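For reference, the structure discussed in these notes is given below.
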Amino acid sequence: MVRETRLDADVELLWEDFHARVNMPSEQLRQWLLTRGSGERAFGPGPDLDLPEPGRQILAVLRKRKVDLTSGDVEVMREAVRRIDDLTAAPPPRGGADDDWRHRLLDLGHDPLTVG
């Protein structure tokens, strides 16, 4: 028998908002974070390869089913939506050509060059 788990309406809406803003597939985000993490500081000995935060947390949420979310995951989603909204609300004059701005968004799983 399958048990149906209902989520709070706010969490349902947040899930939709999160997935609308985090527009990179999990594997693409993982590859980006590995690229970012391979800089001067390189990788640590831990199993998560010391991927940059909050990208690692966002990646973990992307890999979960909605019914498996924890309160920590909900907070990660809220923060990601807030930060992406803040960055996209005031894009730099060069937009996606501004590497620093684009990289900050990519670290959050949002590619501003993705159409749709």
Side-chain angles (χ1 to χ4, degrees):
M1 182 170 129
V2 176
R3 191 179 105 202
E4 185 176 323
T5 304
R6 306 268 321 161
L7 293 176
D8 181 271
D10 290 339
V11 174
E12 291 274 359
L13 182 59
L14 178 60
W15 175 265
E16 297 302 321
D17 289 346
F18 174 79
H19 283 281
R21 285 164 183 80
V22 176
N23 62 1
M24 294 169 66
S26 61
E27 187 55 31
Q28 183 183 356
L29 176 57
R30 180 182 171 280
Q31 289 300 318
W32 169 253
L33 295 173
L34 286 170
T35 300
R36 292 286 272 188
S38 64
E40 297 175 3
R41 292 180 271 155
F43 298 114
D48 62 10
L49 299 174
D50 291 336
L51 295 175
E53 294 294 349
R56 183 174 59 87
Q57 295 169 322
I58 292 168
L59 182 60
V61 172
L62 285 174
R63 292 178 170 167
K64 288 189 172 190
R65 298 177 314 157
K66 193 175 2 177
V67 296
D68 295 330
L69 294 173
T70 66
S71 60
D73 297 329
V74 170
E75 189 54 39
V76 167
M77 291 191 305
R78 276 193 190 107
E79 183 65 14
V81 167
R82 185 193 64 74
R83 290 178 68 180
I84 292 168
D85 284 352
D86 288 349
L87 286 166
T88 56
R94 294 180 45 216
D98 184 306
D99 286 342
D100 182 54
W101 178 75
R102 182 169 182 249
H103 290 175
R104 284 186 284 149
L105 283 166
L106 290 171
D107 289 345
L108 298 168
H110 179 84
D111 186 347
L113 302 181
T114 298
V115 179

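Quick note: residue numbers are just sequence positions, from 1. Please read these numbers as outputs of a predicted model, since none were measured by experiment.
- For Arg65, the salt bridge (charged side-chain N to carboxylate O under 4.0 Å, His left out) partners two or more places apart in sequence, or in a different chain, are Asp68.
- Listed by chain and residue number, Pro54, Glu79, Leu108 satisfy the side chain to side chain contact (heavy atoms under 4.5 Å, CB included) test with Arg83 (two or more places apart in sequence, or in another chain).
- Taken from CD1 in Ile58 to CZ in Phe18, the straight-line distance is 5.5 Å, to the nearest 0.5 Å.
- Under the 4.5 Å side-chain criterion, counting only non-hydrogen atoms from C-beta, Thr88 is not in contact with Arg21.
- Taking CG from Leu87 and CZ from Arg102, the interatomic distance works out to 13.5 Å, rounded to the nearest 0.5 Å.
- Contacts classified as salt bridge (Lys or Arg N to Asp or Glu O under 4.0 Å) and involving residues 91-101 (residues at least two apart or in different chains) are given here: Asp100-Arg104.
- Between Ala20 and Asn23 the shortest heavy-atom distance is O-CB, 4.5 Å.
- Taking the side chain as every heavy atom from C-beta outward, His19 and Met77 never approach each other to under 4.5 Å.
- With hydrogens and angles disregarded, no donor-acceptor distance shorter than 3.5 Å links the side chain of His110 to the backbone of Leu105.
- Glu75 meets the side chain to side chain contact (heavy atoms under 4.5 Å, CB included) test with Arg78; sequence neighbours excluded.
- Across every non-hydrogen atom of Leu59 and Arg30, the tightest pair is CD2-CB, 3.9 Å.
- Asp73 is linked by a side chain to side chain contact (heavy atoms under 4.5 Å, CB included) to Val61, Lys64, Leu69, Thr70, counting only residues two or more places apart in sequence or in another chain.
- For Asp86 against Arg82, the heavy-atom pair with the smallest separation is OD2-NH1, 2.7 Å.
- Within the 3.5 Å criterion, the main-chain N or O of Gly55 finds no donor-acceptor partner in the side chain of Asp107.
- Evaluation of the ring-ring contact (aromatic ring centres under 6.0 Å, His included) test over residues 57-103, restricted to residues two or more places apart or in two chains, returns Trp32-His103.
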